[in-house]
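Small disclaimer: the values here were computed from a predicted structure and weren't measured.
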Amino acid sequence: MNATPVKYKQFFDHPTEMTQKKTCVRFFKSSLCPRCRHTEKLLNHITEQRKDLEIFPIDVVRHPLMSLQNKVTMIPTLILENDKRLSGVFLTEQQIRSFLAAGT
């Protein structure tokens with residue numbers, strides 16, 4: 001079962017594109033993590049409905065320094081601009097939607 005390719009921008013490639021016009025979310029994940037793939041599918045579904053979201057995936061294996069700088073201790077982790085974060089073993093769509101609504 002292959003996941004649909006994600007159309008997210010890379011946070012580390014376009015840091016100047018983080019603007020107040022959109023809700024920017026840093027998504028810490030690993031390509032080896034099945035829970036992260038599930039969260040990625042949920043984020044795909046949510047961003048189809050909410051055009052104001054900008055998701056920046058950060059692979060913790062490829063970018064360990066960014067993970068340390070952001071104090072990520074568990075994946076998947078979502079972090080908003082105000083440093084509010086959501087992480088868990090198994091994130092549901094409702095948890096993610098509530099997190100995004102409370103952070104905007």
Student: Say you draw a straight line from NE2 of H63 to CD1 of I58; how long is it, rounded to the nearest 0.5 Å?
Tutor: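 Going from NE2 on H63 over to CD1 on I58, the span is 8.0 Å.
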
Student: When you measure from the side chain of Q95 to the backbone N and O of T92, does any donor-acceptor pair fall under 3.5 Å?
Tutor: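 A pair under 3.5 Å: yes.
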
Student: Keeping to residues at least two apart or across chains, list the salt bridge (charged side-chain N to carboxylate O under 4.0 Å, His left out) pairs with something in residues 91-101.
Tutor: E93-R97

Student: Can L43 and F27 be said to form a side-chain contact (heavy atoms from CB on, under 4.5 Å), step by step?
Tutor: CA-CA 9 Å; L43 287 170; F27 172 37; 3.8 Å; yes

Student: Got a donor-acceptor contact below 3.5 angstrom from the K84 side chain to the E81 backbone?
Tutor: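 No: the side chain of K84 does not pair with the backbone of E81.
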
Student: Would the distance check show the side chain of R85 and the main-chain N or O of N70 forming a donor-acceptor pair, the cut-off being under 3.5 Å?
Tutor: yes

Student: Does any N or O in the side chain of R26 come within less than 3.5 Å of the main-chain N or O of L80, such that one atom is a donor and the other an acceptor?
Tutor: yes

Student: Heavy atoms only: give me the nearest R37-L32 pair and the separation to one decimal.
Tutor: NH1-C, 3.9 Å

Student: Run the salt bridge (charged side-chain N to carboxylate O under 4.0 Å, His left out) test against R35 and tell me which residues pass, sequence neighbours left out.
Tutor: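 By the salt bridge (charged side-chain N to carboxylate O under 4.0 Å, His left out) rule, R35 matches no residue at all.
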
Student: Report the C-alpha distance between F56 and V25 in whole Å, list the side-chain angles of each, state the deciding distance to 0.1 Å, and finish with yes or no for side-chain contact (heavy atoms from CB on, under 4.5 Å).
Tutor: CA-CA 6 Å; F56 296 92; V25 181; over 6 Å; no

Student: Write down the atom of P76, the atom of L91, and the distance for their closest heavy-atom approach.
Tutor: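 Minimum heavy-atom separation between P76 and L91: CG-CD1, 4.0 Å.
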
Student: Can you spot which of I46, T47, N44, T23 makes a side chain to side chain contact (heavy atoms under 4.5 Å, CB included) with I55?
Tutor: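 It is T47, the one option of I46, T47, N44, T23 that forms the side chain to side chain contact (heavy atoms under 4.5 Å, CB included) with I55.
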
Student: Please round to the nearest 0.5 Å and tell me the distance separating atom CG of L53 and atom CD1 of I96.
Tutor: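 Going from the CG atom of L53 to the CD1 atom of I96 covers 10.5 Å.
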
Student: List for me each residue that meets side-chain hydrogen bond (donor to acceptor under 3.5 Å, both in side chains) alongside S31, sequence neighbours excluded, and say none if there are none.
Tutor: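 With neighbours one apart ignored, the set is empty.
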
Student: Enumerate the ring pair (Phe, Tyr, Trp, His ring centres under 6.0 Å) contacts for residues 70-92, please, sequence neighbours excluded, ordered by first and then second residue.
Tutor: H38-F90

Student: Give me the atom names and distance for the closest heavy-atom approach of A101 to R50.
Tutor: N-NH1, 4.4 Å

Student: Should side-chain heavy atoms under 4.5 Å link Ile, Leu, Val, Met, Phe, Trp and Tyr, which residues sit in the same cluster as L68?
Tutor: none

Student: If you measure from OG1 on T73 to NZ on K71, what distance do you get to the nearest 0.5 Å?
Tutor: 11.5 Å

Student: Measure the SG-CG distance between C24 and N82 for me, rounded to the nearest 0.5 Å.
Tutor: 11.5 Å

Student: Mind checking what makes side-chain contact (heavy atoms from CB on, under 4.5 Å) contact with S87, not counting sequence neighbours?
Tutor: M74, T77

